[in-house]
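Just so we're on the same page: letters track the sequence lines, and every chain starts at 1.
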There are 2 protein chains.
Amino acid sequence: MTPCPVETTLQLISSRWKVLIIRDLLEGTKRFGELRKSIGPVTQKVLTANLRAMEEDGLLTRKVYAEVPPRVEYTLTELGYSLHPILASMSRWGKAYQQMDIHQAR
Amino acid sequence: MTPCPVETTLQLISSRWKVLIIRDLLEGTKRFGELRKSIGPVTQKVLTANLRAMEEDGLLTRKVYAEVPPRVEYTLTELGYSLHPILASMSRWGKAYQQMDIHQAR
DNA sequence: CGGTATCCAAGGGGATACTG
DNA sequence: CAGTATCCCCTTGGATACCG
């Protein structure tokens with residue numbers, strides 16, 4: 001039997017940071033430091049852990065350049081890029097939500 | 001300044017269970033016990049907590065019937081229902097992913 | 001620069017028992 | 001039936017220091 005597709009998707013992207021990593025990498029390849037800045041208040045350790053997990057899952061690739069100082073670039077794979085419609089619908093919803101008044105009551 | 005729409009969305013639905021609650025309520029109003037069964041291995045406490053939070057956020061409504069035994073029904077609000085495109089894209093992606101071979105290596 | 005290595009905090013979540 | 005009330009655990013994430 002096949003599990004619920006929604007749950008399957010959640011297993012790959014349900015973490016506080018993964019979705020934001022994808023959001024930023026959709027713009028193109030980024031270095032570790034760039035990601036760290038654009039994502040927000042995430043520590044090195046946590047960002048690294050999330051990136052490694054996503055690499056394991058085949059969502060992105062990690063390329064290390066043998067330079068000094070070192071450079072490491074992260075790029076979405078096709079699989080990772082294919083998540084783009086989900087991000088797009090989340091962005092649309094968030095935008096609409098921000099323009100509503102309802103949520104301002106809280 | 002307005003925050004990133006994706007982050008805004010995440011704040012409302014980023015929890016292991018909320019997305020599944022929405023998935024199930026998209027089919028229509030459900031009772032507490034029904035939800036518990038259809039969602040999977042979630043405890044009463046956790047399910048209740050998530051439902052209350054979502055009620056707070058205006059994603060669903062809670063209706064209590066003064067009966068014995070008691071009956072409590074949960075229904076998505078328009079706002080909650082408007083999340084449907086996000087769920088749909090997640091479902092599509094998960095389905096495609098399940099049909100790939102890549103992920104089976106892990 | 002882009003990491004590990006530790007140590008620690010928080011909270012989401014789980015198990016069980018009890019109640020209106 | 002649909003909840004509270006406890007108690008506990010474990011994962012995720014944070015702070016800091018050090019390394020190649």
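Between the side chain of B:Lys45 and the base of D:dG3 there is no donor-acceptor pair of N/O atoms closer than 3.5 Å.
A side-chain contact (heavy atoms from CB on, under 4.5 Å) with B:Pro5 is found for exactly one of A:Arg92, A:Arg23, A:Lys95, namely A:Lys95. Remark: of the listed residues B:Leu47, B:Leu35, B:Ile22, B:Val46, B:Val46 is the sole one forming a side-chain contact (heavy atoms from CB on, under 4.5 Å) with B:Trp17.
Distance B:Leu47 CG to C:dG12 P: 15 Å, rounded to the nearest Å. Going from atom CG of B:Leu10 over to atom P of D:dT12 covers 16 Å, rounded to whole Å. When the C1' atom of D:dT11 is taken as reference, atom CH2 of B:Trp17 falls 15 Å away, rounded to whole Å. The nearest whole Å value for the distance from the CZ atom in A:Phe32 to the P atom in C:dT4 is 8 Å. Protein atom CG of A:Leu51 is 17 Å distant from nucleotide atom P of C:dC1, rounded to whole Å. Rounding to whole angstrom units, CD of residue B:Gln44 and P of D:dG3 are separated by 8 Å. The separation between B:Arg36 atom CZ and C:dA15 atom C1' is 11 Å, rounded to whole Å. Whole-Å rounding puts the B:Glu55 CD to D:dG3 P distance at 10 Å.
For the OP1/OP2 pair of D:dT12 and a distance below 4.0 Å, the side-chain nitrogens and oxygens of A:Asn50 include no atom meeting the criterion. Checking the phosphate oxygens (OP1, OP2) of C:dG2, a side-chain nitrogen or oxygen of A:Arg31 falls inside 4.0 Å. Between B:Arg16 and the phosphate of C:dG12, there is no side-chain N or O to OP1/OP2 separation shorter than 4.0 Å. Neither OP1 nor OP2 of D:dA2 sits under 4.0 Å from any side-chain N or O of B:Arg62.
A single hydrophobic cluster is not seen to contain both A:Tyr65 and A:Leu51; linkage of ILVMFWY side chains at heavy-atom distances under 4.5 Å, directly or through other members, places them apart. B:Met90 and A:Leu26 fall within the same hydrophobic cluster, defined by Ile, Leu, Val, Met, Phe, Trp and Tyr side-chain heavy atoms under 4.5 Å apart, directly or through other members.
Of the candidate nucleotides C:dG3, C:dC1, D:dG3, D:dG3 has the atom lying nearest to any side-chain atom of B:Thr48. Closest to the A:Ser15 side chain, of the nucleotides C:dG14, C:dG3, D:dG13, is D:dG13.
Remark on DNA chain D: of its neighbouring residues A:Pro41 and B:Gly33, the 5'-side contact belongs to B:Gly33, judged by nearest-heavy-atom nucleotide. Both A:Pro70 and A:Arg52 lie near DNA chain C, and the one whose nearest nucleotide falls closer to the 5' end is A:Pro70.
What you find for B:Lys18 and B:Ala53 is that their closest heavy atoms are NZ-CB, 4.0 Å.
Using a 4.0 Å heavy-atom distance criterion, B:Tyr65 is classed as making no nucleic acid contact.
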